[in-house]
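What follows is one structure encoded as structure tokens, with my remarks underneath.
These numbers were taken from a predicted model, which means no experiment stands behind them. Here, residue 1 is the first one in the sequence, and each next residue gets the next number.
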Amino acid sequence: ILKNFECANINYTYFDLASFIYENNIDEKGKIEFLKSYFGSSFNSLKLKRVDIFARFLEGYYYYLYQYLYNITQRDIYKEKIEKIEEKIG
């Protein structure tokens, strides 16, 4: 049996773009440049909004993932990531 794990995730363009931006800590200016490069002339405010919605989802996802990982490992790296998200979301 052969499985394609690339298609085992959400595999949705806006999720993938938001994930790339989030995981690489790309700032707002860099995000706009990246999305303009990706979408070309079809880039617009609706596409930006869609990416931003998924980015907010990812913050929540990673926040709870890091809490879980910190609780089972007690590794400071996860605690630092939790604190960073808390600072960002207020």
Exercise. With rounding to the nearest 0.5 Å, note down the distance linking NZ in K47 to CZ in F39.
Key: 5.5 Å
Practice problem: Would you check if F54 and Y22 make a side-chain contact, meaning some heavy-atom pair closer than 4.5 Å? | Solution: no
Quiz item: Is any side-chain heavy atom of I26 closer than 4.5 Å to a side-chain heavy atom of E33?
Solution: no
Exercise. Taking ring pair (Phe, Tyr, Trp, His ring centres under 6.0 Å) as the test, write out the residues that go with Y70, two or more places apart.
Key: none
Self-check item: Where A18 and A55 come nearest, the two heavy atoms and their spacing
Solution: CB-N, 3.7 Å
Exercise. Quick one: pull up CG in D52 and CG in L17 and give me the separation to the nearest 0.5 Å.
Key: 11.5 Å
Exercise. Might you point out which heavy atoms bring K84 and N25 nearest each other, and give the distance in Å?
Key: NZ-OD1, 3.6 Å
Practice problem: Determine the interplanar angle of the Y14 and Y12 rings, folded into 0 to 90°, and report it as parallel if under 30°, tilted if 30 to 60°, perpendicular if over 60°. | Solution: tilted
Quiz prompt | Distance-only side-chain donor-acceptor flag, Y63 / E86, under 3.5 Å | solution = yes
Quiz item: Can you check whether L35 reaches I21 side chain to side chain, under 4.5 Å on heavy atoms?
Solution: yes
Quiz item: When rounded to the nearest 0.5 angstrom, what distance separates OG in S19 from OH in Y62?
Solution: 4.5 Å
Exercise. Can you measure from OH (Y66) to OH (Y61) and round to the nearest 0.5 angstrom?
Key: 9.0 Å
Exercise. Look up atom OH in Y64 and atom CG in L69, then write down how far apart they are to the nearest 0.5 Å.
Key: 14.5 Å
Quiz item: Is the shortest heavy-atom distance from the side chain of R56 to the side chain of I89 under 4.5 Å?
Solution: no
Quiz item: When rounded to the nearest 0.5 angstrom, what is the spacing between NZ in K31 and CG in N24?
Solution: 14.0 Å
Exercise. Report yes if the side chains of Y78 and Q67 come closer than 4.5 Å at any heavy-atom pair, otherwise no.
Key: no
Exercise. Kindly work out whether a path of hydrophobic side-chain contacts (I/L/V/M/F/W/Y, heavy atoms less than 4.5 Å apart) joins V51 to I53.
Key: no
